[in-house]
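Heavy-atom basis, side chains included; hydrogens, waters and symmetry copies ignored.
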Amino acid sequence: MLWACLRFPQLAFDALRGTLPNTPGAFAVVAGPAQRRGIVFANAAARGAGVRAGQAIATAQALCPHLCLLARDPAAEQQALGAFATLAWRYSSDIHLREPDAVLLEVGASLKLFDGWPALERRLRDEIARSGFACRIAAAPTACAAQVLTFAHDGIALTTTAVLQGALAQLPLAQGGLESATVTALHGMGLRTLGDLFRLPRAELARRTGPAALLHLDRLRGHLAEACPRWQPPARFARRLEFESAAHSTTALAFPLQRLLRELELFLLARDGGVQHFVLVLGHERGASTRVAVGLLAPQRDAAHLLELARVRLERIALPAPVYSLALQVDELPPLTPPHRDLFDTRAQGGLDWPALAERLRARLGDGALHGLACVADHRPTHAWRHTPLDPAAPATRDATAPAPTANRPFWLLPQPLVLRTAPQRILAGPERIESGWWDAHDQRRDYYVVELRGGQRAWAFTEAGSRQHWTLHGWFA
């Protein structure tokens, strides 16, 4: 077996960063009781000013007057870990979450499929980098060892137990995953590395470290198997971000919305599915909310495309109140069938295909602004078509019993026929007699002709059946 560990060393900060503008500054995450709140993480700018984890807030603010404090959000951290577990689901079905900041996956059975560990590691890093989270990755024959190695060496991969034993023996005690009190006690005994512990008799080691530390060392070396519950992907997608300050315009929601849709894309990639309908919930004060539904013509999962459609929908609404949270909910996950493409794309540079254009128009103009056309089994021109729901794969449909379109009928029909003051200059084709509609009070008995008017226009006109007088214009030819 080969276990890979994905550890996110600044998860407390990265889980909140999706709600912050992409601007440089000194940030620190704080947690703890109200009377004893302290620093749990400081970014590079804050550490450069002397801010460190474990400091009191007053001390940190004295060192860095412009320090921006963020309240830790354990729920957001769990959501982020769940998103990365979903990503890992693409590479393994044996996944475990290790609180507070790690995801473990067994990749030994997947190495041949993904061309070995180096190629698999590159894919994991590339996909995690898109989310903006910092990550350390290590691989080892045991899950416990893989997690411990991420503290010591980012990118290390030990594929055999013999190599693992030698590497673990050289690790300092502080990086061995032991409790800090146990490490302090062992330092007092003159022990400095895990190898020093491995050389002690087992009974003496148990007396000095306790049973919990002894079990941990056995799991590290693979002497004791670990029993951990497997993680299973959820059946629906739901994410929520809380804002430090209120958003007063839909433009301010673009950055956190991009973060949520990136997580959704990873979720859909892992499930090899798409989304055709999702809901944005804008949270206001006192539990009030605004729901914005986004529907698509066909399942999609590209985050950039979903972001564009969602932003257009948001631009069409007026916020009734400031927004303090943003949630994304997806209840249905239909299968995704990627569209067929030509080997050589013939579209112009920057051009859109019909489905993409239809999606943009619906988002900007409204769901009812676009529709399709279908032929109806009726010879009367005004009754021979109907509106249908828009289908990007088939812009027009036709009833099986409908008459086939003929070349003598124009595409442009007038809303109401117009009486011609003078007879046409020339008859080009006709007549086409239409006698129908006696059953629905719209009886028609007409002879239709393709005619040329005095101005040279090619038109479609009719007279009463059997007559060549009282011409009426009904349509134009191009």
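- In this structure, Ser110 contributes its side chain and Leu113 its backbone to no donor-acceptor pair below 3.5 Å.
- A salt bridge does not link Arg130 with Glu127: every distance from a Lys NZ or Arg NE/NH1/NH2 to an Asp or Glu carboxylate oxygen is 4.0 Å or more.
- Remark: Arg125 engages Asp154 in a salt bridge, criterion side-chain N to carboxylate O under 4.0 Å.
- In the displayed structure, Glu204 atom CD is contacted under 6.0 Å by more than 12 heavy atoms of other residues, nucleotides or ligands.
- Rounding to the nearest 0.5 angstrom, the gap separating the CG atom in Leu149 from the CG atom in Leu168 is 6.0 Å.
- In plain terms, the two heavy atoms of Ala310 and Leu280 that are nearest each other are CB-CD1, 4.1 Å.
- Between atom CG of residue Leu194 and atom NE2 of residue His216 there is a gap of 7.5 Å, rounded to the nearest 0.5 Å.
- Taking the six-membered ring for Trp and thresholds of 30 and 60 degrees, His96 and Trp3 have ring planes inclined between 30 and 60 degrees apart.
- Counting heavy-atom neighbours within 6.0 Å of Arg311 CZ, excluding the residue itself, gives a total of 12 or less.
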Start with the C-alpha gap between Leu171 and Thr193, add the side-chain angles, then the distance that decides, and say whether side-chain contact (heavy atoms from CB on, under 4.5 Å) holds. CA-CA 6 Å; Leu171 278 184; Thr193 65; over 6 Å; no

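- For the pair Glu263 and Arg239, the salt-bridge criterion is met [side-chain N within less than 4.0 Å of a carboxylate O].
- Separation of the Phe267 and Phe237 ring centroids falls under the 6.0 Å cut-off.
- Considering only heavy atoms from C-beta on, Gln78 stays 4.5 Å or farther from Pro74 through its side chain.
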When you look at Arg202 and Asp218, which way does the side-chain contact (heavy atoms from CB on, under 4.5 Å) test go after all the steps? CA-CA 11 Å; Arg202 186 175 180 83; Asp218 287 341; 2.7 Å; yes

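- For the 3.5 Å distance criterion, the side chains of Arg136 and Thr150 fail to qualify, holding no donor opposite an acceptor.
- Salt-bridge formation is not detected for the pair Arg259/Asp14: no Lys NZ or Arg NE/NH1/NH2 atom is positioned less than 4.0 Å from an Asp or Glu carboxylate oxygen.
- Residues passing the side-chain contact (heavy atoms from CB on, under 4.5 Å) test with Arg199 are Asp196, sequence neighbours excluded.
- Nearest heavy-atom pair, Gly155 versus Glu121, reported as atom, atom and distance to 0.1 Å: CA-OE2, 3.6 Å.
- A salt bridge links Arg98 with Glu226: at least one charged nitrogen is closer than 4.0 Å to a carboxylate oxygen.
- One distance of note links CD1 of Ile39 with CD of Gln61; it measures 7.5 Å at 0.5 Å rounding.
- With rounding to the nearest 0.5 Å, the separation of CZ in Arg262 from CD in Gln258 is 4.0 Å.
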Could you walk me through whether Arg236 and Leu333 pass the side-chain contact (heavy atoms from CB on, under 4.5 Å) check? CA-CA 7 Å; Arg236 59 189 296 270; Leu333 302 171; 5.7 Å; no

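- Proximity of Thr182 to Leu186: side-chain heavy atoms (C-beta onward) are separated by under 4.5 Å at one or more points.
- Residues Leu257 and Leu307 form a side-chain contact, since some pair of their non-hydrogen atoms from C-beta on lies under 4.5 Å apart.
- No hydrogens or angles considered: a donor-acceptor pair under 3.5 Å links the side chains of His284 and Thr290.
- Counting all heavy atoms, side chain and backbone alike, Val29 lies closest to Ala12 at CG2-O, 3.9 Å.
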Chi angles and distances behind the side-chain contact (heavy atoms from CB on, under 4.5 Å) call for Leu306, Gln300: CA-CA 8 Å; Leu306 298 177; Gln300 298 282 345; 4.2 Å; yes

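- Checking side-chain atoms of Glu99 against main-chain N and O of Asp101 turns up no donor-acceptor pair under 3.5 Å.
- Judged by distance alone, the side chain of Glu332 and the main-chain N or O of Gln276 form no donor-acceptor pair under 3.5 Å.
- Residues Ala206 and Leu214 approach most closely at CB-CD2, 3.7 Å, considering heavy atoms.
- Contact annotation: the side chain of Phe278 approaches that of Leu296 to within less than 4.5 Å [non-hydrogen atoms, C-beta and beyond].
- Cation-pi geometry between Arg221 and Phe198 is met: the NZ or CZ atom falls under 6.0 Å from the ring centre, inside 45° of the normal.
- Val103 places none of its side-chain heavy atoms less than 4.5 Å from the side chain of Trp231.
- From Leu87, atom CG reaches atom CD of Glu265 across 10.5 Å, with rounding to the nearest 0.5 Å.
- Taking 4.5 Å as the limit, some side-chain heavy atom of Val281 sits within range of a side-chain heavy atom of Gln329.
- Taking 4.5 Å as the limit, every side-chain heavy atom of Asp94 sits out of range of all side-chain heavy atoms of Leu104.
- A distance-only check finds a donor-acceptor pair linking the side chain of Ser131 to the backbone of Ile128 [under 3.5 Å].
- Counting heavy-atom neighbours within 6.0 Å of His66 NE2, excluding the residue itself, gives a total of 12 or less.
- Side-chain contact between Leu220 and Leu217 is present, with at least one heavy-atom pair separated by less than 4.5 Å.
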Would Phe243 and Tyr324 satisfy ring-ring contact (aromatic ring centres under 6.0 Å, His included), going step by step from the backbone distance to the final call? CA-CA 5 Å; Phe243 303 151; Tyr324 290 89; 8.4 Å; no

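- For the residue pair Arg240/Ser325, the side-chain donor-acceptor check at 3.5 Å is satisfied.
- Contact between Leu16 and Ala71 at its shortest, heavy atoms only, is CD1-O, 3.3 Å.
- Atom-to-atom distance recorded for Leu205:CG and Leu191:CG is 9.0 Å, nearest 0.5 angstrom.
- A donor-acceptor distance shorter than 3.5 angstrom exists from the side chain of Gln55 to the backbone of Arg52, with no hydrogens or angles considered.
- Note: Phe133 and Phe84 meet the aromatic proximity criterion, with ring centroids under 6.0 Å apart.
- In terms of heavy atoms, Asn43 sits closest to Gly25 at ND2-O, 2.9 Å.
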